[in-house]
Amino acid sequence: MENKKIDDKLYCVKFCPDENSHLKPDKNACKRCKTKVCTFICPANVYEWVATKDELVVKYENCLECGACRIACEEKILNWKYPKGNKGATFKNS
Amino acid sequence: MTNKTDVIVVGAGPAGISAAITLAKAGKSVILIERGAFAGAKNVFGGAIYTQPTKEIFPDFEYEAPLERKIITHKYFLRNDSQELGVEYFNDIHDNAYTVIRGKFDRYMQKKAEEAGVVFVNETLVEDLIYDGKFVVGVKTELENYYSSIVILADGVNSLLAKQAGLRKEIRKQDVVLSVKEVIKIGEDKINERFNLTSGEGSAYEIFGEPMNGFFGAGFLYTNKDSVSIGVGVSLEDLAELKIRPYELLDKLKNHPRFVNLLKDGELIEYSAHLIPEGGYKRIPKLASNGVMIVGDAAMLVNNIHFEGTNMALISGKLAAETAVEALNKHDFSEKTLSLYKKKLQNSFIIKDLRTYRGVTPTIIKHRREFLDYYLSKVLEFFNIFTTVDSKPRRQKYQAYIKSFFTDRCPCKFFHEMFSLIKMVLGVLCGK
């Protein structure tokens, strides 16, 4: 079976994104993080380090709400909450 | 106080629903609060529920619930890049487990709870616990506060509330496995044909080795009615250390030559991810405090060796609810009274089993590079020698194979690992 790109995988999930992010890293503290573990451990590729801007971009609307980033965050500077009650991902077929 | 009920249960997974339904059946008022649109909307697992514990809560589920297939074959595979060894256990009169889709099955559990009198509140996130002195007396949601005599936390592996309540410390990377899964539609007839099944019968696969060689992790595959659930779970610590993207591992598993034909022309219908608490016995949190108890994944009740989780969730929910009933009857919600829940868990298979296996996961994690890569390849090598016909004398080949255990690496490593293995097995069998 052909491998779909992560964006295509996420396309199969029903998302109802909130206006504001439920994932709030301390972006200044992110600058001193050496591993940037969130940028590869996230199963939805939510986090991207944009070197030109020296900034962590958070595509929270793709979050699958697993919590991996919260536990893996080296600097413990991620304010992680669940999305509000009617927001976020809905799994119908899992 | 307004809105006061006997018990508030946070989270409509198997643990929460089981607790709520047990309380309602005992005549207690209970509110079940779920952040998703329906029970199951946020719930993810590998693929199978177990008949006996499910029947304890839902006696008629085999006739009523939306089930996918009854598992009649379990297959275990050891793999490297070019070889595979498989062991199959088949038993078609065994009705031990069924594959289910949680988006459907959990809604059945929700319906049964509502029929029993549980008030189900959906699309509501519990943000905080409400305290009166040292006692938890309710929960704060985005819109309103709810009050109760007891709060049961069934809010899953991340349980931010358990942490707030001081019941649980922060989870460590080595205590959780990150699992990613795809549900791939193939069609009922094709599944029957490719997996050698008839309709209603299913398979469960567990895969060790490629593409997770040397990591603490495994692949899995379950057949549903017209789709398969396929995924990999790997320790968060290994993923972080080895800098691997979890979905790339899953893609490798799917594209292993032994799987390609099984999944051919399949259509991806859903992708999901979830953490599995695998810290075991030593990481079980404090289970009760004044006015609050913690159940299921939130209490880290998972036996990873046997892929057990939903069963422990269902039974822990029931035991917490039974404790709540006793506490309500004597109007005593103190930690001392609610600690009866801990005693009930200790007397059940849940803590007994987690205690039995307490040395297993740490031993495997410690020696994962050896057990899940080196020795795994040595097993495959044996079968290669056993099946290869090359005009060389057999005894010579066997002797060389045995010798290789001592010459591949420092012989002391072999003895050390065998000692760990024996100690681990004795730990399970004798508790030493």
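Letters go in sequence order (proteins before strands), and every chain restarts at 1.
For the pair A:Pro43 and B:Tyr247, the tightest heavy-atom approach, listed with the atom from each and the gap, is O-CD2, 3.4 Å. Residues B:Glu270 and A:Ser94 share a closest heavy-atom pair of OE1-OG, 2.9 Å.
For B:Ile244, the part lying under 4.5 angstrom from a heavy atom of chain A is the backbone only. Interface remark: B:Leu275 contributes backbone and side-chain atoms alike to the contact with chain A (heavy atom separation under 4.5 Å). Interface remark: A:Cys42 contributes backbone atoms only to the contact with chain B (heavy atom separation under 4.5 Å).
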Stepwise, does the side chain to side chain contact (heavy atoms under 4.5 Å, CB included) test hold for B:Lys243 with A:Lys36?
-> CA-CA 10 Å; B:Lys243 303 200 170 172; A:Lys36 309 272 190 287; over 6 Å; no
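Going from atom CD1 of A:Ile6 over to atom OH of B:Tyr271 covers 4.0 Å, rounded to the nearest 0.5 Å. Atom CD1 of A:Ile41 and atom CG of B:Leu236 lie 4.0 Å apart (nearest 0.5 Å). The line from CD1 of B:Ile101 to NZ of A:Lys92 is 13.5 Å long, rounded to the nearest 0.5 Å. We find the CG-CD1 distance between A:Asn93 and B:Ile269 to be 4.5 Å, quoted to the nearest 0.5 Å. Annotation: the span from A:Ile71 atom CD1 to B:Asn158 atom CG amounts to 5.5 Å, rounded to 0.5 Å. Atom OG1 in B:Thr124 sits 13.0 Å away from atom NZ in A:Lys84 (nearest 0.5 Å).
Between A:Glu74 and B:Lys173 there is a salt bridge, since a side-chain N of the basic residue sits under 4.0 Å from a carboxylate O of the acidic one. We find that B:Glu182 and A:Lys9 are joined by a salt bridge, their nearest charged nitrogen and carboxylate oxygen being less than 4.0 Å apart. Salt bridge status for A:Lys87 with B:Glu142: absent, with no side-chain N to carboxylate O gap under 4.0 Å.
Between B:Glu170 and A:Arg70, the closest side-chain pair of non-hydrogen atoms falls below 4.5 Å. Between A:Trp80 and B:Leu160 the shortest side-chain heavy-atom distance falls below 4.5 Å. Put simply, the side chain of B:Asp155 does not reach to within 4.5 Å of the side chain of A:Tyr82, judged on heavy atoms. Using a 4.5 Å heavy-atom threshold, the side chains of A:Leu64 and B:Ser272 count as separate.
The environment of A:Lys14 atom NZ is sparse: at most 12 non-hydrogen atoms of other residues, nucleotides or ligands sit within 6.0 angstrom. Residue A:Lys76 qualifies as enclosed at atom NZ: its count of foreign heavy atoms under 6.0 Å is above 12. The neighbour count for A:Lys59 NZ, taken as heavy atoms of other residues, nucleotides or ligands under 6.0 Å away, is above 12. Taking a 6.0 Å sphere around NZ of A:Lys31, one finds it holds more than 12 heavy atoms contributed by other residues, nucleotides or ligands. Around atom CZ of B:Arg258, no more than 12 heavy atoms belonging to other residues, nucleotides or ligands sit under 6.0 Å away.
Looking only at heavy-atom pairs under 4.5 Å with chain B, the residue among A:Thr35, A:Thr39, A:Asn86, A:Val13 that has the most is A:Asn86. Heavy-atom pairs under 4.5 Å with chain A peak, among B:Asp175, B:Ile171, B:Val180, B:Val176, at B:Ile171. With chain B as the partner, the residue from A:Ala44, A:Pro83, A:Gly88 showing the most heavy-atom pairs under 4.5 Å is A:Pro83.
No donor-acceptor distance shorter than 3.5 angstrom exists from the side chain of B:Arg245 to the backbone of A:Asn45, with no hydrogens or angles considered.
Residues of residues 32-42 of chain B lying under 4.5 angstrom from chain A, judged on non-hydrogen atoms, are B:Arg35, B:Gly36, B:Phe38, B:Gly40, B:Ala41, B:Lys42 by number.
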